[in-house]
Amino acid sequence: MQGRALKLLVFPFALLAVDSAAWADVLQFAPDRDATLYEDVGGGVANGSGSHVFMGRTGPDADSSSRRALLRFDVSAIPADAVIDSAELSFGINQVPSVLPTGGTVSVHRVVADWGEGGSNAPGPEGGGTAAQSQDATWQHRFYDTEFWTEPGGDFLLTASSASGYGADIETITLPSTEAMTRDIRKWVKYPDENFGWMMIGNETQDYTARRIDSRDQGGGAPPELTVEFHMAGVTDNLGLELLTSGLDSPVVITNAGDGSDRLFIVEQEGIIRIFDLSSGTLLPTPFLDITAEVDDVGSEQGLLGLAFHPDFENNRQFYVNYTYDPGPGLDRTRIAMYQASVGNPNIANTTETVILEFEQDFANHNGGDIHFDPDGYLVIATGDGGSGNDPNNRAQTLTTLLGKMLRIDIDSSRAKDDVSEGGTGLCGLVQNYAIPAGNPYVGGDSGCDEILHIGMRNPWRFSFDALTGDMFIGDVGQGLWEEISFAPAGATDINFGWKICEGAHVRGSSTNLCTFGELPIIEYARSGGNCAVTGGYVYRGPIASLQGRYVYADYCSARIWIAEFDGANWVSEEWMETPSLGAIPTFGQDEQCNLYVADFGTNSIYRFVNTELFFESGFENGAFAGDPLSCQ
């Protein structure tokens, strides 16, 4: 068994809060590149980098009018998760002609790498201007008098004036903090490899204007400088829920098929699987599968409780369900069965059922029910302790029953189905249409069922695998005092999570005595203040940068949502205080892009976690998945 030295105890009534502005900083940058992209000197055209940035007309009789120059900054020192508060661009302007007029203007524009250079006397990319040199950012020319830079938007206008003679330095002009510049910095931080910066243009309506902006290697004067102020936000800053769909009936599972179809599959507890088409934003009216006739949902914890798509679903069309089943006389059973999607219509499943595994339940409650394929392609099944209270039959600690366990089976192998001939206990399922992974801890032995992966569960309600690491997180519902999140590192086997000796990190039934048996949870919280049953969630690996790597979970009754982060020693939880009012939370789920969803029993709705303050419609602030996901199912 693998242990952890120190566990964090999290209490909803005394949560450890995470500062919404953990730290702030101001960074100053000098240009890492300055270049004259287009320089018109007496009718001549030149491209290239220089020690100064020149601009403006040479005189009223000059053949042409403008010089344009690029300033580019390397802002990679700003953390990708930074919230940019302000940005200022400052530079000294000198060499203003001594003849009247004594002033001039300079306009500042944004430049991005995918703009093409246009001509100096015609708008748009058809003007035929000379292309920028290699590694220079390019720009899209517009008529200065009539068109401004509208993508990514806006202009900045600076005015320089002086009564001094030629060669006098003008004081540094600072561009005021603006939302538009802040947007640029945000994009630059998120995509530091994009070659874009700011371009200066001399005012073509003036006969005389500023002649030089001091560059990074110019002696004397003030070099251009970019100043950025930012802070590191708390994880819940700008986090919200967006209604995806309503009109459901007791949704208990949200998942995807991993087939690139952009569909969410929603399980309704009575025995129906619905499809929400994300590409069209539509809840399809016809069920994907309806097995209400097979499902026993008389008890409040019974029903169709689990759905998992085969890792090769795109080719074999196989998916698996976990539901409670009434065989007639005797005890109800948990059944794992396989179905296939139709060849002719991928939004309809065939009704032919192949039963994979069955085992009996002692009572109607504590059925667990969640199922997922692990990173190795094996099917993992969460089972409750058989029900009633305090595990009266001691199922969770008994190795010859499948109750109160995390099971792992091989639904693809052609190996022999049983190892009784080898002297082991063998398979314990009443239906045995599966094989056993070789790494299961009791294979070939005489002490336990071959299907067992971990023991000591009470009622594991929703578990998941981290899509990046393969670690397993299990929400296990407590008896009366403590709710817990249990943890199994990727590849671990034979962990004893402690029930019924332990409830959470405490001795069962105690509010003070810590338990020293088994693997203690990484998170526990008290069943108080409206809390009654934990709903396990997911380590977030979706597009919201501030949530990356954090574990999101909830309580079913209070509808509180917590966000936990591993600090190197412990998992530290923060309650999301801005959670929109939800009635009850039975489950979380993911789509193929690792977006996170949550179901609400109160309104029978599904919500998606979103960033509520996007600066660009493209949503680039959300970034992309940080790593190669194993699976976002």
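Atom set for the values below is all heavy atoms of this structure, side chains included, hydrogens, waters and symmetry mates excluded. No experiment lies behind these values; they were computed from the predicted model shown.
- The aromatic rings of F309 and F319 sit tilted, their planes meeting at an angle between 30° and 60°.
- Looking at heavy atoms from C-beta onward, N459 lies out of side-chain contact with D385 at the 4.5 angstrom threshold.
- D591 and Y597 are linked by a side-chain donor-acceptor pair at a separation below 3.5 angstrom, with hydrogens and angles left out of the test.
- Ring orientation note: the planes of H372 and F465 are nearly perpendicular, at an angle over 60° on the 30°/60° scale.
- Legend: residues meeting side chain to side chain contact (heavy atoms under 4.5 Å, CB included) with P311, ordered by chain and number and at least two apart, are F373.
- Among residues two or more places apart in sequence or in another chain, the ring pair (Phe, Tyr, Trp, His ring centres under 6.0 Å) test is passed with Y325 by none.
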| message | Would E484 and S486 count as a side chain to side chain donor-acceptor pair (under 3.5 Å) here? Give the steps. | response | CA-CA 6 Å; E484 69 181 84; S486 296; 2.8 Å; yes
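- Scored by the side-chain hydrogen bond (donor to acceptor under 3.5 Å, both in side chains) test, Q479 finds R458 as partners (sequence neighbours excluded).
- Using a cut-off of 4.0 Å between Lys/Arg side-chain N and Asp/Glu carboxylate O, D374 and R408 are scored as salt-bridged.
- A ring-ring contact (aromatic ring centres under 6.0 Å, His included) with H454 is found for one member of W499, F463, F497 and no other, namely F497.
- A salt bridge between E451 and K405 is absent, with no side-chain N of the basic residue lying under 4.0 Å from a carboxylate O of the acidic one.
- Ring geometry for Y553 versus W562: interplanar angle under 30°, hence parallel rather than tilted (30 to 60°).
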